[in-house]
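Worksheet for the structure shown next.
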Amino acid sequence: MIDKIEIVVRGGNGGDGLMSFRREKYIPFGGPDGGNGGNGGNVFIVTDSSLLDLSLLKQKREFIAESGHGGGKGSKHGKKGMDLSIPVPIGTMIYIRTESGEDKPLADMVISGEKVLVAKGGRGGLGNVHFATGANQVPRLAGKGELGEEYQIYLELKLVTDMCLIGYPNSGKSTLLSAITEARPRIADYPFTTRQPVLGVIRGSRRDFVVAEIPALTKGAYVNKGLGHEFLRHVERTKLLVYLLDSASPTIVEDFTRLNEELATYRPDLCQKAKIIAVNKVDMPQVKSRLRDMKQSLNHLDMPLLFISALDGQGITEFVTRAIEMVGLMSEGGQEVSPPVLTVFHPKPKK
Ligand SMILES: Nc1nc2c(ncn2[C@@H]2O[C@H](COP(=O)(O)OP(=O)(O)OP(=O)(O)O)[C@@H](O)[C@H]2O)c(=O)[nH]1
Ligand SMILES: [Mg+2]
């Protein structure tokens, strides 16, 4: 998954104005008739809900809109250059690099079809028709088209999902994701099988729900140990955190507490999100005798608690129903963390 990328955007140059004079039979001094050049095309960034990451932009790092056409004879305006739209997934944050090398936030694209102007095309030059005055009826000059704006843009994706599956390595996140969605991540009994976030969709009757598996957290993920830290930012905009615990672990309550601490250290407000605990692998024979004790000790946490087996399907229907219900409640109740309000920044174009 490509979730960070740097690109260069350039508006099209303005077309040049034309210097020309009307020359026709029987009209000996026809006067100036050079038209204006067309404006250069603009570059926009547009959200496309069918995209999951920024990989579409990997091959081509420079995006240049079409230049305006030159002005024509007979005071004809040159054609405007075509605009260029760069598609990005929902959840993309746009930063623009200033001359001092700082990345300033420009927009946070959280709505489908949202469009932001990132580089304006240059204005077309004036044709010599515009320079005619009483004193100068034969203007031998015309305007050159302006250069389009050029910027270096940094794009960073922060997934916008309904729920994120988080947990320690091997807890069964990928198995659960493949049990509840059509996603088919790699499943294996060694740690860190999943090295990138994986998305899946639960098809609901009224709407679909996007589920992400976040690569496993380890102790110290927030200080960049293991893979977790790199991907914790994808948790920021989810509605529901699913803590997936391995029932075979002898320290299941501590597992939860440590996971929670890991998130809190990264960003304290993450702990305020709605949470559900799913205890996985309850099909394992050695777990069955411990289930009652486990239930009792986890009940103290006072949180929605479900016992499941992602492998044989036990408790999965209840889990999905409960999770969707919680996500639905949040969408209606407005508990959802609203996207940060960013100031729209319009730097001066490069000279
Ligand atoms: N018995 C049993 N095994 C399970 C269950 N869920 C997952 N497993 C097994 O646990 C191992 C790890 O499963 P994954 O789904 O890859 O776990 P993960 O959390 O995605 O692992 P990482 O991506 O490495 O963090 C695999 O061998 C699975 O077959 C379950 O409900 N019961
Ligand atoms: Mg996995």
Side-chain angles (χ1 to χ4, degrees), residues 1 3 52-53 159 161-202 210-235 238 240-263 266 275-292 294-295 298 304-323:
M1 170 187 259
D3 54 6
L52 296 180
D53 69 3
L159 292 176
T161 53
D162 291 298
M163 52 188 111
C164 277
L165 310 181
I166 54 168
Y168 287 116
N170 274 341
S171 56
K173 300 177 293 301
S174 299
T175 313
L176 178 59
L177 189 72
S178 54
I180 61 176
T181 73
E182 78 299 345
R184 292 293 170 261
R186 250 171 72 91
I187 295 172
D189 61 357
Y190 55 82
F192 301 114
T193 312
T194 308
R195 307 187 75 87
Q196 298 280 336
V198 190
L199 294 181
V201 177
I202 301 175
V210 181
V211 188
E213 174 188 358
I214 302 298
L217 297 173
T218 42
K219 195 164 162 43
Y222 64 92
V223 285
N224 229 354
K225 281 200 185 148
L227 301 167
H229 177 266
E230 170 61 13
F231 303 110
L232 272 179
R233 68 200 155 85
H234 290 306
V235 173
T238 197
L240 177 68
L241 290 174
V242 179
Y243 288 68
L244 193 65
L245 305 177
D246 186 341
S247 55
S249 161
T251 54
I252 197 151
V253 179
E254 289 90 274
D255 291 353
F256 169 80
T257 320
R258 273 186 8 231
L259 269 180
N260 215 25
E261 275 170 13
E262 218 63 65
L263 291 190
Y266 171 73
K275 303 182 190 85
I276 188 168
I277 300 177
V279 179
N280 191 28
K281 306 194 187 179
V282 295
D283 59 287
M284 293 171 94
Q286 70 270 36
V287 167
K288 289 199 170 120
S289 57
R290 295 175 40 229
L291 273 181
R292 253 179 66 156
M294 234 185 278
K295 216 176 249 178
L298 286 167
L305 176 65
L306 287 149
F307 288 82
I308 62 168
S309 164
L311 198 67
D312 75 4
Q314 270 182 73
I316 293 295
T317 314
E318 293 85 337
F319 166 75
V320 173
T321 313
R322 189 69 192 271

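Both counts, for ligands and for their atoms, begin at 1 and track the order of listing. If you read the sequence from its start, that first residue is 1, and numbering goes on from there.
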For the side chain of [X] and the backbone of [Y], is there at least one donor-acceptor N/O pair under 3.5 Å apart?
X: Ser247; Y: Lys281; value: yes
X: Thr257; Y: Val253; value: yes
X: Thr321; Y: Thr317; value: yes
X: Thr181; Y: Ser178; value: no
X: Lys173; Y: Tyr168; value: yes

Identity and distance of the protein heavy atom lying nearest [atom]:
atom: atom 5 (C) of ligand 1; result: Lys281 CG, 3.5 Å
atom: atom 29 (O) of ligand 1; result: Ile187 CG2, 4.0 Å
atom: atom 27 (O) of ligand 1; result: Asp189 CB, 3.3 Å
atom: atom 18 (P) of ligand 1; result: Lys173 N, 3.5 Å
atom: atom 32 (N) of ligand 1; result: Asp283 OD1, 2.7 Å
atom: atom 6 (N) of ligand 1; result: Asn280 ND2, 3.2 Å
atom: atom 17 (O) of ligand 1; result: Gly172 N, 3.2 Å
atom: atom 21 (O) of ligand 1; result: Asn170 N, 3.1 Å

Consider ligand 1: state whether an atom of it lies below 4.0 angstrom from any non-hydrogen atom of Gly167.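 Flag not set, Gly167 not near ligand 1.
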Please confirm whether Arg195 approaches ligand 1 to less than 4.0 Å, judged on its heavy atoms.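 In this structure, Arg195 fails to qualify as a contact of ligand 1 - no heavy atom is under 4.0 Å.
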side-chain contact (heavy atoms from CB on, under 4.5 Å) for Leu306 and Arg322? Distances and angles first, verdict last. CA-CA 9 Å; Leu306 287 149; Arg322 189 69 192 271; 3.9 Å; yes
Do other residues, nucleotides or ligands put more than 12 heavy atoms under 6.0 Å from the NZ atom of Lys288?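 Yes, enclosed.
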Are Lys275 and Leu240 side-chain neighbours, meaning at least one heavy-atom pair lies under 4.5 Å?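 Result no, sub-4.5 Å side-chain heavy-atom pair not found.
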Do Leu263 and Leu217 have side chains that get closer than 4.5 Å, going by heavy atoms?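 Yes - at least one pair of side-chain heavy atoms lies under 4.5 Å apart.
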Report the part of [X] in contact with ligand 1, treating N, CA, C, O as backbone and CB onward as side chain, heavy atoms under 4.0 Å; options are side chain, backbone, both, neither.
X: Thr193; value: both
X: Ser174; value: both
X: Met284; value: side chain
X: Ala188; value: backbone

Could you say whether the N/O atoms of Ala310 and ligand 1 ever approach to under 3.5 Å?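 Min N/O separation from ligand 1 is below 3.5 Å for Ala310.
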Going by atom types alone, do Asp283 and Ser309 pair a side-chain donor with an acceptor below 3.5 Å?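 Judged by distance alone, the side chains do pair up.
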For the residue pair Asn260 / Tyr243, report whether a side-chain donor-acceptor contact shorter than 3.5 Å exists.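 Yes, side-chain donor-acceptor contact under 3.5 Å.
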Given Phe307, which of Ile277, Val282, Asn280 fulfils the side-chain contact (heavy atoms from CB on, under 4.5 Å) condition?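 Filter result, single survivor: Val282.
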Hey, which of Ile276, Leu245, Leu298 is the one that makes side-chain contact (heavy atoms from CB on, under 4.5 Å) with Leu305?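 Filter result, single survivor: Leu298.
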Atoms of ligand 1, numbered as shown, that sit under 4.0 Å from any heavy atom of [X]:
X: Tyr190; result: 24 (O)
X: Thr175; result: 6 (N), 7 (C), 13 (O), 14 (P), 15 (O), 28 (C)
X: Ala216; result: 25 (O)
X: Pro191; result: 24 (O)

Begin from the C-alpha positions of Thr194 and Arg186 and carry the test side-chain contact (heavy atoms from CB on, under 4.5 Å) through to its verdict. CA-CA 7 Å; Thr194 308; Arg186 250 171 72 91; 5.9 Å; no
Evaluate the criterion side-chain contact (heavy atoms from CB on, under 4.5 Å) for residue pair Leu159 and Leu199; output intermediate values, then yes/no. CA-CA 9 Å; Leu159 292 176; Leu199 294 181; 3.8 Å; yes
Around the Mg ion (ligand 2), list the protein N/O/S atoms within a radius below 2.8 Å, excluding water molecules.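 N, O, S partners closer than 2.8 Å: Ser174 OG, Thr194 OG1, Glu213 OE2.
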